[in-house]
Number of protein chains: 2
Amino acid sequence: MDDHTGYLIIKVAGMAVPAFERALVPLGLNTRQVRVLGFLHGESLSQAELCARTGLDRTTMVAVLDELEQLGHATRERSKSDRRKHVVRITRNGKAAYAKATKKLLRAQEELLQPLAPAERAQLHTLLSRLFDASQACAPEPAAEAVS
Amino acid sequence: MDDHTGYLIIKVAGMAVPAFERALVPLGLNTRQVRVLGFLHGESLSQAELCARTGLDRTTMVAVLDELEQLGHATRERSKSDRRKHVVRITRNGKAAYAKATKKLLRAQEELLQPLAPAERAQLHTLLSRLFDASQACAPEPAAEAVS
DNA sequence: TATTGTTATACTCTATAACTATA
DNA sequence: TATAGTTATAGAGTATAACAATA
């Protein structure tokens, strides 16, 4: 069973996940927090919209935003147009942290892919993209809108 | 961040894991059980040796073997040479179940890799092998011996 | 004293349901 | 009635420690 491609994918991912988590430890962040910050980089979103984009459920999102707020990387305030919603914004500190995190993650990825030549990395990327895109084509999600 | 290779690997693995688990549902098995059965296919091993090969810890192994024993796929008996050890053997039923499971997993893999042409699948396999082997070369584990 | 298998415990993740406030 | 956010709770999964039997 160990020589199957599907098993290899899972094994390599099993190496990647802790590598990325480790890379963020010096910043006091985890990958979930960085992922949420990434979606806030360009626009402010409600928690429900963040859930739709990240795939996290709303109870998890509450915890992640509690953490990001405490770190000073994001803020929550009531929406003026719909007072049920919280507008989540990334702070200046949050943007700086996200930039640092991106660099750390890229370096971790470099290390992970180091056994491959540049052309091979591009090949791998293309092949994985094809697999991922094919699965996304099956279950299309409507994009969420930004909020004021 | 979504366009990074490391993230793609994790995403594709996130598709593969539930696909494999789903493929085994009709057999009443999970991937962990099948993985353990695979190591028993050729030889009988103690629980500690199974742990060394599968990477599962010994408390988890107890639970997995309880399940396999109840399903009639494996047996435990005390080793004659060292009465602390349990010799774990796969049964005839267990071998049959493992054969069926392997077919199911292969079919699930076929489906997962269906977006790629045969040559591309081979390419993907080679690239992932290189990444996996490189990581294994860093942390070599001594192989466990069989037991009577 | 160390090792094997076992049990008990705790801790993390995740999923569900219930509650509030707003619409 | 439905939605957004929150809280509480229960379940699976995993890791740690303690224990009995054996070496």
Side-chain angles (χ1 to χ4, degrees), chain A residues 10 13-14 17-18 20-22 24-25 29-36 39-40 44-70 74-89 142 144-148, chain B residues 10 13-14 17-18 20-22 24-25 28-36 39-40 44-70 74-89 141-142 144-148:
Chain A
I10 294 169
V17 170
F20 289 151
E21 293 292 348
R22 242 181 294 123
L24 295 176
V25 167
L29 291 173
N30 60 42
T31 53
R32 218 164 48 172
Q33 294 164 342
V34 172
R35 181 161 169 72
V36 170
F39 282 102
L40 293 171
S44 300
L45 297 171
S46 74
Q47 296 186 200
E49 288 157 347
L50 274 172
C51 289
R53 306 207 182 185
T54 58
L56 300 177
D57 78 18
R58 53 190 185 161
T59 87
T60 305
M61 185 59 69
V62 170
V64 174
L65 291 177
D66 285 348
E67 295 157 9
L68 288 175
E69 224 174 10
Q70 186 147 20
T75 61
R76 272 188 276 210
E77 50 184 272
R78 292 223 165 268
S79 165
K80 288 169 188 172
S81 56
D82 184 342
R83 291 184 48 73
R84 292 173 303 181
K85 295 187 179 180
H86 285 177
V87 180
V88 183
R89 287 186 219 281
E145 314 133 33
V147 136
S148 65
Chain B
I10 295 170
V17 170
F20 290 149
E21 293 293 347
R22 241 180 294 124
L24 295 176
V25 166
L29 292 172
N30 60 42
T31 54
R32 221 165 43 173
Q33 293 163 341
V34 173
R35 182 162 168 72
V36 169
F39 283 102
L40 293 171
S44 299
L45 298 170
S46 73
Q47 297 187 198
E49 288 157 346
L50 274 173
C51 289
R53 306 208 182 183
T54 58
L56 300 177
D57 78 16
R58 53 188 184 163
T59 89
T60 305
M61 186 59 69
V62 171
V64 173
L65 291 178
D66 286 348
E67 296 158 7
L68 288 175
E69 225 174 10
Q70 186 147 20
T75 60
R76 274 187 276 209
E77 50 184 273
R78 291 221 165 269
S79 165
K80 288 169 186 170
S81 57
D82 184 342
R83 292 185 46 73
R84 291 173 303 180
K85 295 186 180 180
H86 284 177
V87 180
V88 183
R89 289 187 218 280
E141 287 274 329
E145 313 133 33
V147 135
S148 65

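Here the structure is a predicted model, which is why all the values come from computation and not from measurement. Computed from heavy atoms alone, side chains included, the values below leave out hydrogens, waters and symmetry copies. Chain letters run A, B, ... following the sequence lines, proteins first and then strands; every chain starts at 1.
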- Query: Lys80(A) NZ to dA21(C) P: how many Å, rounded?
  - Reply: 23 Å
- Hey, which of these two, Thr60(A) or Leu65(B), hits DNA chain C nearer its 5' end, going by closest nucleotide? Leu65(B)
- Message: Among Arg84(B), Lys85(B), Lys80(B), exactly one meets side-chain hydrogen bond (donor to acceptor under 3.5 Å, both in side chains) together with Asp82(B). Which residue is that?
- Response: Arg84(B)
- Query: At their closest point, which heavy atom of Glu67(B) faces which heavy atom of Gln33(B), and how far apart are they?
  - Reply: OE1-NE2, 2.6 Å
- Query: Within this structure, what is the CG-to-P distance between Asn30(A) and dT12(C), rounded to whole angstrom?
  - Reply: 13 Å
- Query: If only side-chain N and O atoms of Gln47(A) are considered, is one of them under 4.0 Å from the OP1 or OP2 phosphate oxygen of dT3(D)?
  - Reply: no
- Item | Whole-Å distance separating the CG atom of Asp57(B) from the P atom of dT4(C) | 14 Å
- Task: Remember a base hit wins even if backbone is also touched, and classify Asp82(A) as base, sugar-phosphate or nothing at under 4.0 Å, heavy atoms.
- Result: sugar-phosphate
- Note on the structure: Separation of dA23(D) atom P from Lys85(B) atom NZ, nearest Å, is 11 Å
- Message: Does any part of the side chain of Leu40(A), heavy atoms only, come nearer than 4.5 Å to the side chain of Leu50(A), both counted from C-beta?
- Response: yes
- Task: In whole angstrom, give the distance that lies between atom CG of Leu56(A) and atom C1' of dA4(D).
- Result: 16 Å
- Rounded to whole Å, CE of Met61(A) lies from P of dG5(D) at a distance of 10 Å
- Message: Taking only side-chain N and O atoms of Arg76(A), does any of them lie within less than 4.0 angstrom of OP1 or OP2 on dA4(D)?
- Response: no
- To the nearest angstrom, the CG-C1' distance between Asp66(A) and dT6(D) comes to 9 Å
- Query: Would you say Arg78(B) reaches dA23(D)'s phosphate, i.e. side-chain N/O to OP1/OP2 under 4.0 Å?
  - Reply: no
- Task: Would you tell me if any nitrogen or oxygen in the side chain of Arg58(A) comes within less than 4.0 Å of OP1 or OP2 on dT14(C)?
- Result: no
- Note on the structure: Closest to the 5' end of DNA chain D, once Arg84(A) and Thr59(A) are matched to their nearest nucleotides, is Arg84(A)
- Task: Mind checking the CD-CG spacing from Gln47(A) to Leu56(A)? Nearest 0.5 Å is all I need.
- Result: 11.5 Å
- Message: Using whole Å, what does the distance between atom C1' of nucleotide dA21(C) and atom NE2 of His86(A) come to?
- Response: 10 Å
- Message: Please identify which of these residues, Val87(A), Leu65(A), Leu68(A), meets the side-chain contact (heavy atoms from CB on, under 4.5 Å) condition with Arg76(A).
- Response: Leu65(A)
